[in-house]
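Residue indices begin at 1 and follow the sequence shown.
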Amino acid sequence: QGQLEESGGGSVQAGGSLRLSCEFSVINSGPNKLAWFRQAPGNEREGVACVSKMGTIEYRNSVKGRFTAFKDSAQKTLYLEMNDLKPEDSARYYCAADYRPGWFGCSFSLTSFDTWGQGTQVTVSS
């Protein structure tokens, strides 16, 4: 229903930082939740961070303390600040949103989101 536009990917050395951005549309007071997922070649797509409409934030265990997700409602942009990047963080990162009415809580289930961005590549070298 909405549109997601991602940017900010690139190549960095281990220990470096990147900030990903996702511009989202507001439709019928939505999205009800926003999230970042990532997928490396040969791996399943996995949730990285989720921001609920109420403002709660959840992270994948492996990125806790290193990644920070935050939403700027005025700018209609979801960010993912990634610090102390590791080679295992290399993946294509996707922004996801759910505009369907109902539960507003976070989830890392792929089916909990009905709108996806095209992805932005993050490559971390040793």
Side-chain angles (χ1 to χ4, degrees):
Q1 293 181 258
Q3 184 179 39
L4 303 176
E5 296 187 4
E6 301 149 320
S7 62
S11 298
V12 298
Q13 293 186 328
S17 300
L18 283 173
R19 175 182 285 190
L20 306 183
S21 300
C22 171
E23 296 184 7
F24 58 88
S25 301
V26 176
I27 303 174
N28 296 326
S29 300
N32 295 325
K33 54 181 177 287
L34 290 156
W36 287 101
F37 286 75
R38 68 186 183 187
Q39 186 170 24
N43 289 12
E44 297 182 359
R45 190 169 299 188
E46 60 186 25
V48 177
C50 179
V51 181
S52 74
K53 191 172 184 178
M54 297 80 72
T56 58
I57 305 175
E58 298 181 2
Y59 297 96
R60 185 177 189 84
N61 286 336
S62 61
V63 308
K64 289 181 179 178
R66 299 188 298 119
F67 291 11
T68 302
F70 56 99
K71 179 178 67 176
D72 187 327
S73 296
Q75 297 294 325
K76 296 187 291 184
T77 302
L78 175 71
Y79 297 96
L80 182 66
E81 184 73 35
M82 304 183 294
N83 298 310
D84 191 24
L85 283 162
K86 304 176 180 180
E88 49 263 44
D89 294 318
S90 296
R92 191 165 187 86
Y93 284 70
Y94 298 87
C95 182
D98 191 31
Y99 291 87
R100 296 170 293 187
W103 185 55
F104 296 164
C106 272
S107 174
F108 283 152
S109 173
L110 296 179
T111 59
S112 294
F113 300 88
D114 66 352
T115 306
W116 294 81
Q118 79 287 352
T120 183
Q121 183 67 38
V122 172
T123 302
V124 185
S125 62
S126 301

Kindly indicate whether the side chain of Asn83, heavy atoms from C-beta on, has any atom under 4.5 Å from the side chain of Leu85.
no
When every non-hydrogen atom of Leu78 is compared with those of Val51, the smallest separation belongs to CD1-CG2, 3.9 Å
If I compare all heavy atoms of Phe113 with all of Cys50, which pair ends up nearest, and what's the gap?
CZ-SG, 4.3 Å
Sequence neighbours excluded, the answer for side chain to side chain donor-acceptor pair (under 3.5 Å) partners of Ser11 is none
Could you check if a side-chain atom of Leu80 sits within less than 4.5 angstrom of a side-chain atom of Val48, using non-hydrogen atoms only?
yes
Do NZ/NE/NH1/NH2 and the carboxylate oxygens of Lys76 and Glu23 come within less than 4.0 Å?
no
Does one side chain, of Asp72 or Thr77, offer a donor that lies under 3.5 Å from an acceptor on the other?
no
Test item: Trp36 and Cys95 side chains (from C-beta on) under 4.5 Å apart, heavy atoms:
yes
On a heavy-atom basis, which atom in Ala69 and which in Tyr59 lie closest, and how many Å separate them?
N-OH, 2.9 Å
Rounding to 0.5 Å, atoms CD (Glu5) and OG (Ser25) come to a distance of 8.0 Å
Measure the shortest side-chain to side-chain distance between Met82 and Arg66 over non-hydrogen atoms and say whether it is less than 4.5 angstrom.
no
Counting neighbours of CD on Gln13 that are heavy atoms of other residues, nucleotides or ligands and sit closer than 6.0 Å, is the number greater than 12?
no
For the residue pair Ser107 / Ser109, report whether a side-chain donor-acceptor contact shorter than 3.5 Å exists.
no
Using 0.5 Å steps for rounding, measure from the CD atom of Glu6 to the CD atom of Gln121.
11.5 Å
Interatomic distance, Ile57 atom CD1 to Ser52 atom OG [nearest 0.5 angstrom]
8.0 Å
Using atom types as modelled and distance alone, determine if a side-chain donor or acceptor of Asn32 lies under 3.5 Å from a backbone N or O of Gly105.
no
Starting at OG1 of Thr123, measure out to CG of Asp89 and round the result to the nearest 0.5 Å.
11.0 Å
Nearest non-hydrogen partners of Ala97 and Leu34, listed with the distance:
CB-CD2, 3.5 Å
How are the rings of Phe67 and Tyr93 set to each other: parallel, tilted or perpendicular (split at 30° and 60°)?
tilted
Determine whether the aromatic ring centres of Tyr79 and Phe70 lie less than 6.0 Å apart.
yes
Does the cation-pi check pass for Arg45 over Trp116, that is, NZ or CZ under 6.0 Å from the six-membered ring centre and within 45° of its axis?
yes
Any side-chain heavy-atom pair of Glu44 and Glu46 under 4.5 Å:
no
Closest heavy-atom pair and its distance - Ser126, Ala14
CA-CB, 4.5 Å
Quick check against the 3.5 Å criterion: does Arg38 have a side-chain atom that pairs as donor or acceptor with the backbone of Ala91?
no
Please give me the minimum heavy-atom distance between Cys106 and Thr56, naming the atom from each residue.
SG-O, 4.1 Å
To the nearest 0.5 Å, atom CE of Met54 lies from atom NZ of Lys33 at 9.5 Å
What is the distance from atom SG of Cys22 to atom NZ of Lys71, rounded to the nearest 0.5 Å?
11.5 Å
Would you say the side-chain atoms of Arg60 pair up with the backbone N or O of Phe108, donor to acceptor, closer than 3.5 Å?
no
Could you tell me whether the side chain of Leu4 reaches within less than 4.5 Å of the side chain of Tyr94, counting heavy atoms only?
no
